[in-house]
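One structure is given below, encoded as C-alpha cells.
All values reported here derive from a predicted model rather than from experimental measurement.
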Amino acid sequence: MKRFVVLCALAVLVGGTAFSQQITRFGVVDTARVYAAYFRNSAPMRNYENKKTEFQNEINKRTDEIQQLQRQKLDYQNSGNNSAALRLEAEITKKTDNLTQYTAAKNIELESLKTSLQNSDAFYRKLYSTIERVAEHEGFSMILSLQQANAILWYSTSVDVTDKVIAELGLN
C-alpha cells in the first residue's frame with residue numbers, strides 16, 4: 001500500500017511538472033510576401049515605378065523617331081535620292097547608338113534603385129521588430145522564414161503569421 005501511495009505521489013509530481021512546462025510554438029513568415037506588400041505601397045517604390053515608366057516612354061519616343069527616319073530613308077531610296085538616303089542613314093546610326101547608350105544607362109539606374117529598395121535597413125528593422133511583437137503577442141517561441149524552405153519539412157497554416165505581420169505594418 002505504501003508503494004502505491006508513493007507511486008501515486010510520484011505520478012502527480014511528474015505529471016504536474018509536465019503540465020507546468022510551456023509548449024513550444026513555432027510560427028512561419030513568408031518574408032517575400034511581406035516585402036512585396038511593403039514596397040508595393042511605399043513612396044520609394046512608386047518613385048521607382050514612375051522613373052521606369054518615364055524611361056520607357058522616352059525609349060518609345062526615340063524608337064518611333066528612328067522608325068520614322070527609316071521609312072523616310074526607304075522613300076528616298078525608292079525615289080532615287082541616294083544622297084538624302086545616305087544622310088538619313090548616318091542620322092539613324094547616330095540616333096540608334098544614342099538610344100542604346102540611353103537604355104543601358106537607365107537600366108543601370110533602375111537596377112541601382114531597385115537594389116537600394118531591397119537592401120533597406122529601415123525596412124528590415126521595422127520588419128524584425130514587427131515579427132517580434134506578433135510572435136510575443138501570439139505566444140510563439142520561434143518564427144521561421146518560409147524562404148529557408150529547405151529547413152521546413154512541414155508546417156500547419158495555423159502557424160503562418162504573415163497576414164498578421166502585414167496587418168501590423170499597416171499594409172492591408
Side-chain angles (χ1 to χ4, degrees), residues 6-67 95-172:
V6 171
L7 285 175
C8 285
L10 187 58
V12 168
L13 183 62
V14 170
T17 304
F19 286 115
S20 70
Q21 291 179 349
Q22 183 180 4
I23 296 174
T24 302
R25 291 184 60 208
F26 292 90
V28 296
V29 173
D30 186 344
T31 52
R33 260 184 56 216
V34 173
Y35 176 82
Y38 182 80
F39 285 111
R40 174 181 59 234
N41 299 320
S42 73
M45 187 54 130
R46 285 191 304 273
N47 179 44
Y48 170 81
E49 291 297 331
N50 288 340
K51 281 188 179 286
K52 187 176 172 182
T53 300
E54 175 187 322
F55 297 158
Q56 188 59 53
N57 289 341
E58 181 63 23
I59 289 169
N60 292 345
K61 178 183 154 193
R62 291 182 183 200
T63 300
D64 290 344
E65 185 179 332
I66 291 169
Q67 289 173 343
K95 288 187 181 278
T96 301
D97 290 344
N98 287 340
L99 176 59
T100 302
Q101 291 172 1
Y102 176 85
T103 302
K106 295 307 176 180
N107 281 336
I108 290 169
E109 186 176 337
L110 286 173
E111 192 59 37
S112 175
L113 275 173
K114 186 176 180 182
T115 300
S116 72
L117 282 173
Q118 291 173 336
N119 295 328
S120 168
D121 287 339
F123 166 71
Y124 285 107
R125 280 194 303 275
K126 187 172 183 178
L127 173 63
Y128 293 129
S129 68
T130 302
I131 288 172
E132 179 181 3
R133 215 173 33 255
V134 169
E136 288 175 354
H137 182 263
E138 297 293 322
F140 290 105
S141 300
M142 183 181 294
I143 303 292
L144 304 171
S145 172
L146 284 178
Q147 277 55 52
Q148 302 299 322
N150 58 349
I152 301 173
L153 300 176
W154 179 87
Y155 76 94
S156 168
T157 55
S158 67
V159 299
D160 186 346
V161 296
T162 304
D163 291 331
K164 291 176 184 175
V165 170
I166 290 172
E168 284 283 323
L169 286 168
L171 303 173
N172 306 33

Notebook entry, point to check: Of all heavy-atom pairs between L171 and A37, which one has the smallest distance, and what is that distance?
Noted result: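 Heavy atoms of L171 and A37 come nearest at CD1-C, 3.8 Å.
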Excluding sequence neighbours, so at least two apart, what forms side chain to side chain donor-acceptor pair (under 3.5 Å) with [X]?
| X | value |
| --- | --- |
| T162 | D160 |
| Q67 | none |
| N60 | Q56 |

Can you tell if the side chain of [X] reaches within under 4.5 Å of the side chain of [Y], non-hydrogen atoms only?
| X | Y | value |
| --- | --- | --- |
| V29 | S145 | no |
| I143 | V28 | no |
| T103 | N107 | yes |

Mind checking the [atom1]-[atom2] spacing from [X] to [Y]? Nearest 0.5 Å is all I need.
| X | Y | atom1 | atom2 | result |
| --- | --- | --- | --- | --- |
| T31 | L144 | OG1 | CG | 11.0 Å |
| L110 | T115 | CG | OG1 | 10.5 Å |
| E58 | Y102 | CD | OH | 4.5 Å |

Notebook entry, point to check: Any donor and acceptor pair, going by atom type alone, linking the side chain of S112 with main-chain N or O of I108 inside 3.5 Å?
Noted result: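 No; judged by distance alone, with no hydrogens or angles, the pair does not exist.
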Next item on the list: Enumerate the residue pairs fulfilling salt bridge (Lys or Arg N to Asp or Glu O under 4.0 Å) with a member in residues 126-141, sequence neighbours excluded, ordered by first and then second residue.
Entry: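 Residue pairs passing salt bridge (Lys or Arg N to Asp or Glu O under 4.0 Å), neighbours aside: R133-E168, E138-K164.
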List the atom pairs, donor and acceptor, that lie under 3.5 Å between side-chain atoms in residues 43-51 and the rest of the protein, sequence neighbours left out.
residue : atom : partner : partner atom : Å
R46     : NH1  : N41     : O            : 2.8
N50     : ND2  : R46     : O            : 3.3

Checklist line | Counterpart residues, salt bridge (charged side-chain N to carboxylate O under 4.0 Å, His left out), relative to K95 (two or more places apart) | finding: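 Here the qualifying residues are E65.
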Next item on the list: Decide if atom NZ of K52 counts as having more than 12 heavy atoms of other residues, nucleotides or ligands within a radius under 6.0 Å.
Entry: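 Counting other residues, nucleotides and ligands, NZ of K52 stays at 12 neighbours or fewer.
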